[in-house]
Amino acid sequence: MQSLRQNFSYLFLLCCLVLASSPSQAASAQDIQNRMRTRIPAITDLKDLGIVGESNRGLLEYRSQKRTHAAIVTAENKDRQLVYRAIGKQQGVSPNLVGKRRAITIAERGTKGHIFQNANGSWYRK
């Protein structure tokens with residue numbers, strides 16, 4: 001349950017940042033937030049099973065031979081990249097830097113038992 005709350009807090013923060021960028025992007029940001037919110041349970045299940053982990057770029061990455069729910073993982077990464085681009089533009093930094101910063105926060109707040117990648121590229125289970 002805590003992981004779900006953390007994910008929702010993350011989504012809320014990201015979407016607030018995107019929404020603040022311009023009124024014309026508000027509808028798009030709301031769409032992104034809604035899509036990401038609906039994927040949380042499936043992504044949490046994939047993490048619980050060790051199928052995906054959080055990369056040091058702030059994206060999901062397969063950690064198992066199973067490639068189940070590929071459409072969900074692809075869609076999540078696409079939306080995360082859209083958010084990282086919007087935040088990067090707002091802050092005057094690259095989307096890659098935003099993703100790397102976000103990866104650190106995701107790992108710090110991550111759930112015990114989930115898989116994360118540290119800055120040097122090594123994977124570990126929390």
Residues H69 and L46: closest non-hydrogen pair is CD2-CD2, 3.6 Å
Residues I43 and V52: closest non-hydrogen pair is O-CG2, 4.5 Å
Tightest non-hydrogen contact, residues A103 and S55, listed as CB-O, 3.4 Å
For R57, I'd like to know if atom CZ has over 12 heavy atoms of other residues, nucleotides or ligands within 6.0 Å. no
Are V83 and L59 connected in a single hydrophobic cluster, I mean Ile/Leu/Val/Met/Phe/Trp/Tyr linked by side-chain heavy atoms less than 4.5 Å apart? yes
Minimum side-chain heavy-atom gap H114-D48 below 4.5 Å: yes
Ignoring hydrogens and geometry beyond distance, is a side-chain donor-acceptor pair present between N96 and S94 at under 3.5 Å? no
When you compare the side chains of Q30 and N34, does any donor N or O come within less than 3.5 Å of an acceptor on the partner?
yes
inquiry  = Apply side-chain contact (heavy atoms from CB on, under 4.5 Å) to residues K78 and R35 and explain how you reach the verdict.
reply    = CA-CA 11 Å; K78 182 179 176 182; R35 290 191 307 257; over 6 Å; no
Heavy atoms of N77 and L60 approach each other most closely as OD1-N, 2.7 Å
### Query
With a 4.5 Å heavy-atom cut-off, do I87 and R102 have their side chains touching?
no
* Asked: Between R125 (side chain) and G113 (backbone), is there a donor-acceptor pair under 3.5 Å?
  -> yes
So CG of D31 and CG of L82: to nearest 0.5 Å the spacing works out to 11.0 Å
Practice item. Go through the steps to decide whether R85 and K89 satisfy the test side-chain contact (heavy atoms from CB on, under 4.5 Å), and finish with yes or no. Key: CA-CA 6 Å; R85 266 194 294 264; K89 184 176 180 180; over 6 Å; no
For Y62 and T68 the tightest heavy-atom approach is OH-O, 2.9 Å
Run L49 and K66 through side-chain contact (heavy atoms from CB on, under 4.5 Å) and show every step you take.
CA-CA 10 Å; L49 294 169; K66 291 183 178 183; over 6 Å; no
*V73, I115: one ILVMFWY side-chain cluster at the under-4.5 Å cut-off?*
no
| task | Decide whether I104 and L97 are clustered together by the hydrophobic rule: side chain heavy atoms of Ile, Leu, Val, Met, Phe, Trp, Tyr closer than 4.5 Å, transitively. | result | no
query: Do K126 and E54 sit within salt-bridge range, that is, some charged N less than 4.0 Å from a carboxylate O?
result: no
Note: I106 and F116 closest approach over all heavy atoms is O-CE2, 3.8 Å
inquiry  = Main chain of N118, side chain of S122: is a donor-acceptor contact present, judged purely on distance under 3.5 Å?
reply    = no
